[in-house]
Amino acid sequence: MVKKAFIFDLDGVIVDTAKFHFIAWQRLAASLEIKFTEHENEQLKGVSRVHSLQKILEWGNIEISPDVFQAKMDQKNEEYLDLIKSLDTSDIMPGVHDFLLNLKEQEQPIALGSASKNARPILKKLGILHLFEVIVDGTNVTEAKPDPEVFLHASRQLNFAVQESIVFEDSVAGVQAANAAGMISIGLGEKKILHEADEVFTHFTDMPKDYINTLLSKKK
Ligand code: B16
Ligand code: MG
């Protein structure tokens with residue numbers, strides 16, 4: 001049977017946490033009197049915590065000491081962790097659980113490729129940690145998306161070539177990272193935002209019924 005490496009982003013693809021990152025960053029930006037709307041937020045999706053804060057400070061033209069920088073990052077993460085306290089299986093994105101189970105049934109390898117340092121506890125909380133053979137997250141990488149490092153680690157650990165790897169992403173930076181790696185990129189979200197992806201769906205539930213088979217024969 002044909003096999004491919006199926007690599008999933010976490011926030012905004014598997015679980016609906018993107019909205020909580022948004023709220024936490026917005027509060028952080030407000031504390032520094034920096035404007036932060038959906039437009040700015042879009043540019044932070046898939047971007048690591050440290051790079052996100054750097055971008056926000058650039059937008060506000062503000063410089064802070066390393067100590068305050070660390071304190072602000074901690075503050076954002078505390079807000080975020082507080083917001084996701086009540087996270088449960090109802091926050092799994094539509095169709096994702098079935099899609100993962102279908103892949104498992106076909107014995108297809110599954111990896112996580114996320115910028116988040118909170119990935120493992122979130123997957124555990126949702127009861128789906130065991131579905132992932134490989135987890136590459138913000139604790140394992142040095143380069144932030146759009147750098148392909150996170151996805152290259154994931155395919156390497158699954159023992160697959162980049163041409164045999166498929167990435168599911170909700171962010172522009174993540175789609176660019178998958179493309180830079182030479183992998184097939186499937187966008188989850190709006191076509192007009194994720195137009196660089198090889199294909200885009202609003203949700204997993206919008207994919208055709210036999211889409212896994214289509215992906216197994218898809219070429220970059
Ligand atoms: P944390 P993903 C990314 O996760 C989020 O999209 C992004 O908004 C967040 O800043 C980043 O993780 C770091 O997350 O603060 O939890 O370490 O989309 O790559 O799964
Ligand atoms: Mg994401």
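The figures here come from the full heavy-atom set of this structure, side chains too, leaving out hydrogens, waters and symmetry mates. Whatever order the structure lists them in is the order used to number ligands and atoms, beginning at 1.
- For the residue pair N102/Q106, the side-chain donor-acceptor check at 3.5 Å is not satisfied.
- The L10 neighbourhood of ligand 1 comprises atoms 20 (O), with distances under 4.0 Å to a heavy atom of that residue.
- For K145, a nitrogen or oxygen atom sits less than 3.5 Å from a nitrogen or oxygen atom of ligand 1, counting backbone and side chain alike.
- Among protein heavy atoms, the minimum distance from atom 15 (O) of ligand 1 is reached at R49 NE, 2.7 Å.
- Taking each heavy atom of K125 and L87 in turn, the nearest pair found is CE-O, 3.7 Å.
- The minimum heavy-atom distance linking A177 with F151 is given by the pair CB-CE1, 3.8 Å.
- Of all protein heavy atoms, the one closest to atom 5 (C) of ligand 1 is D11 OD2, 3.4 Å.
- With no hydrogens or angles considered, a side-chain donor-acceptor pair links T139 and D137 at under 3.5 Å.
- Looking only at heavy atoms of the protein, atom 2 (P) of ligand 1 is closest to D9 OD1, 2.8 Å.
- Using modelled atom types, one finds a donor on one side chain and an acceptor on the other under 3.5 Å when comparing N77 with N118.
- For atom 14 (O) of ligand 1, the closest non-hydrogen atom of the protein is S116 CA, 3.4 Å.
- Heavy-atom neighbours of K3 NZ from other residues, nucleotides or ligands within 6.0 Å: above the threshold of 12.
- The nearest heavy-atom contact from the protein to atom 6 (O) of ligand 1 is G46 N, 2.8 Å.
- Side chains of N140 and H153: no donor on one and acceptor on the other come within 3.5 Å.
- Residue N118 has at least one heavy-atom neighbour below 4.0 Å for each of these atoms of ligand 1: 1 (P), 16 (O).
- With a heavy-atom cut-off of 4.0 Å, K117 touches ligand 1 through backbone and side chain alike.
- Protein heavy atom in closest approach to atom 9 (C) of ligand 1: V47 O, 3.4 Å.
- The nearest non-hydrogen atom to atom 19 (O) of ligand 1, considering only G113, A144, A115, comes from A115.
- The Mg ion (ligand 2) has D9 among its coordinating residues (N/O/S atom, backbone or side chain, under 2.8 Å).
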